[in-house]
Each structure stands twice: as structure tokens, then as C-alpha cells.
Amino acid sequence: MRVTEKGQVTIPKDIRDQLKIGPGSEVEFVTHEGKVFLVKAEQQDQFKDFREWADSVAGTFDAMGMTTDQYMEWLRGPRDDLNRG
């Protein structure tokens with residue numbers, strides 16, 4: 001993306017669709033190790049309870065075809081406390 005003279009950038013449509021960002025949505029720019037990340041700001045009272053939130057994110061996690069155990073090992077690395085022999 002190219003930054004305009006006013007410091008503006010256009011968020012690509014596929015990213016806006018994925019994050020459900022539309023007119024009036026709040027976003028934040030977060031820096032980490034010299035990189036900038038766009039984060040959709042959390043809206044207070046967006047969901048009335050945990051179940052509503054859980055339903056809204058159901059099916060959105062992609063474990064790249066791995067089982068839960070495979071994914072956790074990929075994420076954390078191998079566990080030294082397990083006997084693998």
C-alpha cells in the first residue's frame with residue numbers, strides 16, 4: 001500500500017471483508033518489533049453473552065489440516081516432559 005500525503009492508506013477489500021470492517025468501524029495500528037499491524041478495535045457490548053461471541057467465531061480457525069495435538073506441538077514445540085520412546 002502507498003501512503004497518501006495525508007497519511008492515509010486503503011485497506012484492501014478482502015481484508016475488510018475478513019475482519020468485517022465497514023464504514024464507521026474502529027481500527028487500531030499496533031507496532032511490534034518494527035512492524036505495524038492493523039487491528040479491528042474491540043467494541044464494548046458487541047455481544048450480549050459468551051455464547052453469542054462463540055457462535056460468531058465458530059468455524060473461523062484454520063489449523064492447516066493438523067489435529068489439535070499436532071497443532072499444539074507446532075505452536076509450542078515438542079514437550080520435553082513426555083516419553084517419546
Side-chain angles (χ1 to χ4, degrees):
M1 297 286 111
R2 189 170 309 249
V3 179
T4 69
E5 288 184 28
K6 292 183 176 183
Q8 299 170 326
V9 295
T10 300
I11 303 168
K13 184 175 182 341
D14 61 324
I15 301 295
R16 293 190 320 260
D17 290 347
Q18 182 180 356
L19 297 177
K20 297 183 173 93
I21 295 173
S25 294
E26 298 276 334
V27 296
E28 298 175 11
F29 290 93
V30 179
T31 60
H32 179 70
E33 296 181 359
K35 297 180 182 178
V36 178
F37 298 89
L38 172 76
V39 178
K40 183 177 178 183
E42 295 293 325
Q43 294 179 340
Q44 298 299 324
D45 303 319
Q46 183 176 2
F47 303 105
K48 60 184 175 186
D49 59 23
F50 178 79
R51 173 56 54 202
E52 186 177 324
W53 171 83
D55 289 343
S56 77
V57 297
T60 61
F61 178 74
D62 179 9
M64 302 173 287
M66 292 184 257
T67 66
T68 302
D69 289 339
Q70 291 168 331
Y71 182 79
M72 294 307 291
E73 185 166 330
W74 172 82
L75 183 66
R76 296 178 177 162
R79 289 185 52 183
D80 296 332
D81 61 331
L82 296 177
N83 181 4
R84 298 203 178 247

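Just the heavy atoms: all of them, side chains too, but no hydrogens, waters or symmetry mates, feed the values below.
- Taking 4.5 Å as the limit, every side-chain heavy atom of Arg16 sits out of range of all side-chain heavy atoms of Ser25.
- No side-chain heavy atom of Val39 sits under 4.5 Å from any side-chain heavy atom of Val27.
- At least one side-chain heavy atom of Lys40 sits under 4.5 Å from a side-chain heavy atom of Lys20.
- Annotation: side chain of Leu38 is in contact with side chain of Ile11 (closest heavy-atom distance under 4.5 Å).
- Remark: the backbone N or O of Gln8 is paired with a side-chain donor or acceptor of Thr4 at under 3.5 angstrom.
- Lys13 contributes atom NZ, which lies 12.0 Å from atom CD1 of Ile21 (distance to the nearest 0.5 angstrom).
- Taken to the nearest 0.5 Å, the CG atom of Leu19 stands 9.5 Å off from the CG atom of Asp14.
- Two residues are said to be in side-chain contact when any heavy atoms from C-beta on lie closer than 4.5 Å; Asp69 and Glu73 fail this criterion.
- Using a 4.5 Å cut-off between side-chain heavy atoms of Ile, Leu, Val, Met, Phe, Trp and Tyr, with links allowed through other members, Met66 and Leu75 fall into the same hydrophobic cluster.
- Shortest non-hydrogen contact noted between Met64 and Asp62 is N-OD1, 2.8 Å.
- Proximity of Phe37 to Glu28: side-chain heavy atoms (C-beta onward) are nowhere separated by under 4.5 Å.
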